[in-house]
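For the numbers below, each heavy atom of this structure counts, side chains included, while hydrogens, waters and symmetry mates do not.
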Amino acid sequence: MRCFIGLPVPAEPGAALGRLPLPARARPVAATDLHLTLAFLGERSGGWARALWPALAGIAAATPAFDLTLPAVDVFPRAGGRVLAALAERDPRLLALHGAVWRVLRDAGVAAETRRFLPHVTLARLPAPTESNPVPGPWTLPVREVMFYQSPPEQDGYRALARWPTGTD
């Protein structure tokens, strides 16, 4: 199965982001699929994935709930990109969560990402490279749970296979 670990976008901030105007021919991401990816895992077996879940549950429980600021919406990863995204601040709490998830993944034999972590929420895919035209926010993403998602190739959207609440505020 194709899978990833992420932070879901709750209904209210998702609806606010969904009200933003999109460029012509943009393909919006469904509100129920909005998330911030912590780690893309590619193709993995279900057994391999489930073996990670206790450690991921522990990481979530040890992470106090927090609010993440999304200061702007713009093309991603830079001008000329083909994704419209809500850009997230590189908050130390988010970076600590990201690092903890990747320590578990490295212990499980997953090669570390070579690209710098650029936290964002994909809102739409664009038909062609697009110039930067930032829409200032801010929006708030409440971080209250960590989810393990499946991205089934035969259907649109993602499926949550496991979810773990963060610790208390």
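- Contact check for Val110 versus Arg44: side-chain heavy atoms found under the 4.5 Å cut-off.
- Taking CG from Leu7 and OG1 from Thr166, the interatomic distance works out to 9.5 Å, rounded to the nearest 0.5 Å.
- One finds the CG atom of Leu95 at 5.0 Å from the CZ atom of Arg90 (value rounded to the nearest 0.5 Å).
- Relative orientation of the Phe117 and His98 rings is parallel, given thresholds of 30° and 60° on the angle between their planes.
- Here the closest heavy-atom approach between residue Ala124 and residue Ala26 is recorded as CB-CB, 4.2 Å.
- In this structure, Ala16 and Trp139 approach most closely via the heavy-atom pair CB-CD1, 4.1 Å.
- Taking the side chain as every heavy atom from C-beta outward, Pro119 and Leu94 approach each other to under 4.5 Å.
- Using the six-membered ring where Trp is involved, Phe4 and Tyr158 have ring planes that are perpendicular, over 60° apart on the 30 and 60° scheme.
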Problem set entry | Worked verdict on Arg144 versus Asp67 for salt bridge (charged side-chain N to carboxylate O under 4.0 Å, His left out) | CA-CA 8 Å; Arg144 303 296 185 268; Asp67 290 339; 3.0 Å; yes
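- By the 4.0 Å N-to-carboxylate-O rule, Arg2 lies too far from Glu43 to be salt-bridged with it.
- The shortest distance between side-chain heavy atoms of Glu131 and Val75 does not fall below 4.5 Å.
- When side chains are defined from C-beta on, Asp33 does not count as touching Tyr149, because their heavy atoms never get closer than 4.5 Å.
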For this session: Any chance you could lay out the side-chain contact (heavy atoms from CB on, under 4.5 Å) test for Leu87 and Asp74, step after step, and finish with the verdict?
Result: CA-CA 7 Å; Leu87 310 175; Asp74 202 356; 4.1 Å; yes
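- For the atom pair CG (Leu141) and CD (Glu89), the distance works out to 11.5 Å, reported to the nearest 0.5 Å.
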